[in-house]
Amino acid sequence: MKKSVLLVAAALAVLLGGCVCPAQAPATGVPTSGPISVEDGVGNVITLESEAQRIISLAPNHTEILYALGLGDRVVGVTEYCNYPPEAAEKPKVGDFITIDLEQVVGLEPDLVLATTMHMAETVPALQERGIVVFVLDPQSVVAVLESIQKIGQLTGREDEAEALVADMQARIAAVQEKVQGAPRPKVFWELGPELFTAGPGSFVNDLITLAGGENVAADADSPWPQLSVEAIILKDPDVIVLADHNYGQTVEMVKERPGWEDIRAVREGNVIEIADDDIVSRPGPRLVEGLEFLARAFHPDLFE
Amino acid sequence: MERASDREDVQRRPRRRGLLLLAGLVAVMIVALLEVAWGSFSIPPATVAAMFWQRVTGGSTVGAWPDAWETVIFEIRLPRILLAMLVGAALAQSGAVYQGVFRNPLADPYLIGVSAGAGLGATIAIALGLPLHWEGLGAVSLFAFVGALAATAVIYVLARSGGRSSVVTLVLAGVAVGAFLSAVMTFLMFRARDAFRTVHVLGWMMGSFALASWAKVYLLAPVLAAGGGLLWAYAHRLNVLQLDDDQAQQLGVPVERTRLIVIGLATLVTSAAVSMSGVIGFVGLIVPHAVRLVWGPDHRFLLPMSVLCGAVFMVLADGLARTVLSPAELPVGVVTAFCGAPFFLYLLCRKRHVLAR
C-alpha cells in the first residue's frame, strides 16, 4: 500500500506543480457556426455543434493551452492545480485533478470538458452519461503536445492562434536540436521522488530528455513511470541527475549524503540539478519548450555560452 | 431456553419497537431530503423543493431553472443519496449478522474475505483496463462482486474441509485467505506501475459514492431487499445461535445449515454493496454495536434498526464527504471513521454497564 502511495506522489510530481513564466494570449477570432469533429487523444471522434464557448479544464496543462490561445474568458471551470496563468486560479474549481466533483461540472453547464486519461475510468463515462461532451488529451511526447494545441484550436475556432503557437514552439525546439546535434549525450537520471521513481519510455519526460540532448538511464525500463533501485542507478553511473523532486524537499546536499551516491559521476562532478520551477518540465503544455531550453543548457552548458 | 426477561421484553414491547422503527424510517426520509438540498453546487432549497413538486405534479415550469440543475438534483444527487442509503443499510445489517453468527464483537462484514476478494477483483479489472460494461455497471463492479463472493466461498469450503466448520476455523481461514489475496492485489498494483491505475485502485479501496447512478440503485435495491428481508426472517434463529452450538442444536436449530444460509445471505448483500461503492469501513462494525448498546441484542429488532441507522449514518457521512473539501471529495470511509468513532466511544462510556452484563 505504501509503495502505491509513493507511486501516486511521484505521478503527481510529474503531472502537477507550480510556475511563474509569461505567456502571450492573442485574443482574436470570430465565432463561426457549424459542427466541428475532432479526434481526441484516445481515438474517439468528438463532435461539437459549434465552437466551444463554455469550457472546463480538468488538468493544468489543458488550462495553460486554453489561456495561451486567448480563450481565458471561455474557461468556466478549472482544477485546484490550475495556477497558470495566475488569473486561471480565479476560475471556479471543479476538483483536485484526481477527484472531480460531478455536480460542479454539470452545474457550470459546460459545452466542452477537457480531460486526461486519468479521468477515463470514472469521470469521463459519468459525464458522458449526463450528456456532457468530453475530450480526452494526454500528450506523452513533445509532438503530441503540439497536436493537443492544434486540436484545442480546432474545437474553439482558434486554428490560426494554435498554428502560430505551434510554429513558435517548433522553431524553438529546432533551435535546441541544432545546438545539441552531434554533441555527446550525457546519461541523465530524472528523479521524481527519493524512492527513485523516474520517467521511462513512453513518457513525455523521456522525450524531453532526448530532445535536450541527453540519454535517459531509464530508457530501457518497462513502464512510463518506473521505480529504479539504488544499485541500478549506481551501475548506470549517470552524468547528470535532475532533481524534479526539489520542490518536494530533495536537495543536492541530501543526494551527496546518500550512501553510495558519492561515487556517481554526476555527484562527483557537481552535475546534480535542482529544478526549482518544476511546472515547465512536468506539464505537457505550451511551456514545455521552456523546460526543453532549460534542460539543454543544463546538459550542455558549453554549447550555450 | 430464552431467558424470562427477554421473553417479557418481546411480549411487552412490540408496539414500542414498532414505533421506534417507524421513527427510524422517518429519520431516513428527513435526512435524505435535507441532503438533496445540500451540495457543493449550490441550489436554493426552495428551488429544490419546487423542482420536486414539479416532478410530482407534472406541471410545466420551463425556464424556471437551468436544465443543468435538474441533472444535478435528479441525475447526480438523488441516485447518490439512495445508493449511500442502500450501502449503509446493507453494511450495518451484515455487520449485525456477522457479529451474531460469529458470536464475536469484532466481526464486521469484511471478516471473511469480502473486502480482500472485492479488492482483488477490482484491481484485476483496473489493471487489465477492461472495457466491459453491463447494464450500467463497469468491469470494476462486476469483478469486485464476483471476487467477493468467490473469496468467501473459498474460505467457507476450506474451513469446512476438516468436517464441521467452527467459527474459529472460519475466521482463521478468512484471515489467511485475506492476507493472500491482499498480497496478490498489492503485487498487481505494484507491477502495473501506472499512476492512473494506482490512483483508481486506491480510491476504490477507500470507498466513494461519487459515481452513483440510477443503474446502480436499480441493480442493488432488489438484491438488498431480498437478502435483507430473508436475513430478518432468520433473526430468531440468530438469537438461538448465541447459545453454544450443541444447545442451539438441541433447541431445534440446525446450526450448520443456518450458519451457511445466514453467512451466505450476508455475504451476498455485502458483496453487492461493496461492488457499487468500494470498501467502506467502520459502518458494519459500529452501527450494529451502537444499536445493541442502546436497544439491546434481540436480532428481531437489531437487524431492522441497524438497517435504518446504517442508512442515516452513511447518508450523513457521504454528505460531509462530498462537501467538506469541496470541490475535492473525501473518501467516505474517512468520514465514517472520523465521525463515527468518537460517537461510538461516547456510547461505550455511557453504557458500559450494558456490556459488563
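Lettering follows sequence order; numbering is per chain, from 1.
- The part of A:V94 that comes within reach of chain B is its backbone (N, CA, C, O), which places non-hydrogen atoms under 4.5 angstrom from that chain.
- For a residue to count as touching a neighbouring chain, one of its non-hydrogen atoms must lie under 4.5 Å from one of that chain's; by this rule B:A212 touches chain A with the backbone only.
- Distance CH2/B:W214 to CD/A:E129: 13.5 Å, rounded to 0.5 Å.
- Judged by distance alone, the side chain of A:R130 and the main-chain N or O of B:T71 form no donor-acceptor pair under 3.5 Å.
- Considering CD1 of B:I76 and CG of A:D101, their distance stands at 8.0 Å, rounded to 0.5 Å.
- Between chain B and the residues A:T123, A:V106, A:T116, A:L108, the largest count of heavy-atom pairs under 4.5 Å involves A:V106.
- Taking CG of A:L102 as the start and CD of B:E329 as the end, the distance is 7.5 Å to the nearest 0.5 Å.
- Side chain of A:E103 to backbone of B:R77: no donor-acceptor contact under 3.5 angstrom is found.
- Remark: side-chain polar atoms of A:E109 are not paired, donor with acceptor, to backbone N or O of B:A68 under 3.5 angstrom.
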